Amino acid sequence: MNLALINIRQLVTVPSHGHRAKLRRGMLDLGIIENGAVLVKDDTITWVGRMEDLGIAGLEEVDVVDCIDNVVMPGFVDAHTHLVFSGARENEFAMRSAGATYAEIAAKGGGILNTVQQVRASSKKDLKKQARQYLNALMRHGTTTVEIKSGYGLTNADEIKMLEVINELKIEEVIGIVATFLGAHAYPPEYAGKKSDYVAEIMDKMLPYIASHRLAEFCDVFCEKGFFEAGDTEKILACGKELGLQPKVHAEELNASGGSLVAASLGAASADHLEHITPDGIKAMANAGVVGVLLPGVSFFLNHQYAPAREMIDAGVPVAIASDFNPGSCMSYSMPMMMTIACTHMKMSPEEAITASTLNAAAAINRSVEVGSIETGKKADIVVLKIPDYKFLPYHFGENHVEKVIKDGVVLEF
Ligand code: NIG
Ligand code: FE
């Protein structure tokens, strides 16, 4: 199918200039074209430019979308979610608003382990049913590619069940899905007092099966005091890497635990969270080109410290933002909401927040050759917004400005 987006009031292309991600002041360059146009053939962008340079010959053969009142930008890439889960944790939310902390709730068997119990008791069919509703909602909010982690099973069978669900959704649903194995999300209760046995189970049993069945592209570890120490994080990620799974790390969320240094030493695709990252960690990530995936919604929702986005951008770390959508630390999948928080609480500019949600987010999941910008040859993953200027996206918050989403060249209207 051929498609033409014409008369675009403001086209935000986020040009990659041939790089996998944007750094420093490069993050400010949104490649804006006023009165622009985009041509699409099948699932691929074939032309991007100004209306006045667009030959109208041949346009009668195509589906035309008039964007005279719209800002058009790349579909958002949410590079960090825990979208497959069962039930919810609104009671913990209420406990936190009464003063309990996330760590206190987790130490009493709530938190991640609460969701683990519910996921273990759920069938694949039930997990898929709930996940599908969320995936549709993500698309309605402009997200066209999403990374989803396992990590609420914590047994070989239940982790495989979660990854099979993620892989089946990847085939069945329109949205682009990337699977990550997070067996090292928490120690399961049956391994109390024998943590090293669970690390061995991950390395000897789970990872070989997952790698040989191609159930995940990435391997992630929650590196944190009370969860997985830096030494075990390194062992698990190195084992995964040898089997072909690229490392990612939940690093420095509640304490400086050294996860960012592990990520840099292993050449991880990304280190995520980073609320407590140290200057050493920032330097190591910049040198190794590890994408820093910041999760503004978590700091907002848990009322935590925010990651030092400015220091990281200024030091040359490729910075992305993601939702971390999960029932505990961020019950939101709205990327525009994450952009608002990044601007209001992390001193990021609207331009940086948009780059961090598109091209740099695609880099965090090794997809920036295909998606994350509106450029000839890239996949036609595009969002059409009912706003007069891109700055309205983070500025006018709490409202869904998405009018249409184009995924792989197909127009979805809301
Ligand atoms: O990224 N930090 C660890 N994992 C998730 C929270 C998952 C949960 O609370 O269920 C996170 O914040
Ligand atoms: Fe997470």
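Remember, it's 1-based here, ligands and their atoms both numbered in the order they're listed. Bear in mind that the values here come from a model prediction, so they are computed numbers and not experimental data.
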Distance below 2.8 Å from the Fe ion (ligand 2): how many protein N/O/S atoms qualify? 4
Can the ring centres of Phe85 and Phe325 be said to be less than 6.0 Å apart? yes
Crowded around Arg132 CZ? As in, over 12 foreign heavy atoms under 6.0 Å? yes
With atoms numbered from 1 as shown, which atoms in ligand 1 lie under 4.0 angstrom from a non-hydrogen atom of Asp324? 1 (O), 11 (C), 12 (O)
Taking non-hydrogen atoms only, is Tyr152 closer than 4.0 angstrom to ligand 1 via side chain, backbone, both or neither? side chain
Can you name the atoms of ligand 1, numbered from 1 with element, that are less than 4.0 Å from a heavy atom of Gly328? 9 (O)
Per-atom filter on ligand 1: closer than 4.0 angstrom to a heavy atom of Ile112 are 7 (C), 8 (C), 9 (O), 10 (O)
Taking the six-membered ring for Trp, is the centroid-to-centroid distance between Tyr187 and Phe227 below 6.0 Å? no
Distance-only side-chain donor-acceptor flag, Asp272 / His250, under 3.5 Å: no
Which residue and heavy atom of the protein sit nearest atom 2 (N) of ligand 1, plus the separation: Glu253 OE1, 2.8 Å
Glu92 and Tyr102: side-chain donor and acceptor closer than 3.5 Å? no
Compare all side-chain heavy atoms of Val72 with those of Ile382 and state whether any distance is below 4.5 angstrom. yes
With heavy-atom distances below 4.0 Å as the criterion, list the atoms of ligand 1 near Arg89. 8 (C), 9 (O), 10 (O)
Indicate, with yes or no, if the rings of His401 and Phe392 have centres closer together than 6.0 Å. no
Starting from atom 4 (N) of ligand 1, locate the nearest protein heavy atom and write down its residue, its atom name and how far away it is, to 0.1 Å. His185 NE2, 2.8 Å
Between Tyr152 and His82, what is the ring plane arrangement, given parallel below 30°, perpendicular above 60°, and tilted in between? tilted
Output the list of atoms in ligand 1 that are nearer than 4.0 Å to some heavy atom of His80, sorted by atom number. 1 (O)
Which residue and non-hydrogen atom of the protein lie closest to atom 6 (C) of ligand 1, and at what distance in Å? Tyr102 OH, 3.2 Å
Closer than 3.5 angstrom, by distance alone: can the side chain of Lys379 be matched with the main-chain N or O of Glu370 as a donor-acceptor pair? no
Ligand 1 versus Glu224: contacting region, heavy-atom distance under 4.0 Å: neither
For Phe300 and His345, take the angle between the two ring planes, folded into 0 to 90°, and tell me which bin it lands in: parallel under 30, tilted 30 to 60, perpendicular over 60. perpendicular
Pair Arg310, Met346 - check side chain to side chain contact (heavy atoms under 4.5 Å, CB included), show working. CA-CA 7 Å; Arg310 274 267 58 83; Met346 297 165 89; over 6 Å; no
So which protein heavy atom does atom 12 (O) of ligand 1 come closest to, and at what separation? Ser329 OG, 2.6 Å
